[in-house]
2 protein chains.
Amino acid sequence: MRLSTKGQYGLRAVVDLADRYGQGPIPLNTVAQREEISEHYLEQLMSQLRKAGIVVSIRGAQGGYQLARPPEEITIAEVIEILEGPIVPVDCLASDDGCSRSTICATQGLWKRLADAMQEVLGSTTLADLVEENQRIRRQSQDGYMYYI
Amino acid sequence: MRLSTKGQYGLRAVVDLADRYGQGPIPLNTVAQREEISEHYLEQLMSQLRKAGIVVSIRGAQGGYQLARPPEEITIAEVIEILEGPIVPVDCLASDDGCSRSTICATQGLWKRLADAMQEVLGSTTLADLVEENQRIRRQSQDGYMYYI
DNA sequence: TCAATCCCAAGTGTTTTACTCGGGATTACA
DNA sequence: TGTAATCCCGAGTAAAACACTTGGGATTGA
């Protein structure tokens, strides 16, 4: 039940872009450095996100990536689905035909409820929400507003 | 974000046992046949569930497995955690120390909310609930109460 | 022109998955 | 007392997924 690094890295990268939305294209290597991700690996993830219409790229010198839409119009569910596939706990929910056991399988209702709960959380959060959270964290650490337990 | 077959098979197997709770030990091969799971593979899963105190085994002829507790006292979350590890979307929530980025990582709050949502669904459903669902399904198909779309 | 950037396909070592295989220990029952 | 039915255990394995790396090519601003 874990996300792979694709989802984690990819999301961190688009949050990074969201944080700089409106500032023109951001080169991939700066994102990779800030987020501590292998540049070439991140490139593959960005390629998927570009084909899916989450980001746009500008080639050549002074080029880079930027969000294709404002941060408040991109949900986390969208980003994760592109990189990890449908947000479901079992395959039989993802495919149309379902599984052969569907008429006798009591667990299917459970998996459906789980999928809905996951979709609810990820679909109701946008990149703008995470940017805001980021800024809150930064403000706190800047104000010395940290609790050392 | 998918369960492996361990979680799916293991859960199906304990639901099968829950369905026959109080009828004495059930040999593994009958469970494996009913649930269409490789017997040797299921054996490994049952071994984990036994060590974790979900099922008890009785060796020798006429032996088998049965639930260690009544179905209404075993949650799905328990079973899945034994077979798949902690129910969290990212590793840094599972370990105590967390990750090095925790103070600057906006996504951590999101993953926490996702983990809570998943735990809520799986922790509030018991084996008894799934047995009931099973019986409902059986009743319906028996009564010809099926919708062919 | 050339350096910065994106674009793309292929290769690679490691880990996980989903099993199989072979045998040993225990116990009810004839 | 034998023997068949069970559980118990460790090792082996083929295939897939993961997390990258490598090596180039195409575009474009200065």
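Protein chains get the first letters and strands the later ones, always in sequence-line order, with residue 1 at the start of each.
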Below 4.0 Å: OP1/OP2 of D:dT21 and any side-chain N or O of A:Ser38:
yes
For nucleotides 12-18 of chain D, list the nitrogen or oxygen atoms of the protein found under 3.5 Å from its nitrogen or oxygen atoms, one pair per line.
none

Nearest-0.5 Å distance, CG of residue B:Leu45 to CG of residue B:Leu83
6.0 Å
How close or far is atom P of C:dC19 from atom CD of B:Gln8, stated in whole angstroms?
11 Å
Side chain of B:Thr125, backbone of B:Leu122: donor and acceptor closer than 3.5 Å?
no
Measure the distance from CG on B:Asp91 to P on C:dT15 and round it to the nearest whole Å.
14 Å
Separation of B:Met46 atom CE from D:dC9 atom P, in whole Å?
14 Å
Contact check, side chains of B:Leu127 and B:Glu72, non-hydrogen atoms, under 4.5 Å
no
Without decimals, in angstroms, what is the distance between B:Arg2 CZ and C:dA18 P?
12 Å
Looking just at side-chain N and O atoms, do A:Tyr41 and A:Thr5 make a donor-acceptor pair shorter than 3.5 Å?
yes
Within this structure, what is the CG-to-C1' distance between B:Leu42 and D:dT6, rounded to whole angstrom?
14 Å
Please round to the nearest 0.5 Å and tell me the distance separating atom OG of B:Ser57 and atom CD of B:Glu43.
10.5 Å
Under 4.0 Å from OP1 or OP2 of D:dA19: is there any side-chain N or O of A:Tyr9 that close?
no
Below 4.5 Å, heavy atoms only, C-beta onward: do B:Met46 and B:Leu28 meet side chain to side chain?
yes
4.5 Å side-chain heavy-atom contact, A:Ile74 and A:Thr126
no
Kindly state each residue pair satisfying salt bridge (Lys or Arg N to Asp or Glu O under 4.0 Å) with at least one member in residues 28-42 of chain A, sequence neighbours excluded.
A:Arg12-A:Glu35, A:Asp16-A:Arg34, A:Glu35-B:Arg101, A:Glu36-B:Arg101
With 3.5 Å as the limit, what N/O pairs link the protein to nucleotides 4-7 of chain C?
{"unit_1": "C:dA4", "atom_1": "N3", "unit_2": "A:Ala61", "atom_2": "N", "d": "3.3"}
{"unit_1": "C:dC6", "atom_1": "OP1", "unit_2": "A:Leu28", "atom_2": "N", "d": "2.8"}
{"unit_1": "C:dC6", "atom_1": "O3'", "unit_2": "A:Ser57", "atom_2": "OG", "d": "3.4"}
{"unit_1": "C:dC7", "atom_1": "OP1", "unit_2": "A:Arg50", "atom_2": "NE", "d": "3.3"}
{"unit_1": "C:dC7", "atom_1": "OP1", "unit_2": "A:Ser57", "atom_2": "OG", "d": "2.4"}
{"unit_1": "C:dC7", "atom_1": "OP2", "unit_2": "A:Arg50", "atom_2": "NE", "d": "3.4"}
{"unit_1": "C:dC7", "atom_1": "OP2", "unit_2": "A:Tyr65", "atom_2": "OH", "d": "2.7"}
{"unit_1": "C:dC7", "atom_1": "N4", "unit_2": "A:Glu43", "atom_2": "OE2", "d": "2.8"}

Salt-bridge test for A:Glu84 and A:Arg2: reply yes if a basic N is under 4.0 Å from a carboxylate O, no otherwise.
no
Please state how far atom CG in B:Leu49 lies from atom C1' in D:dC8, giving the value in whole angstrom units.
15 Å
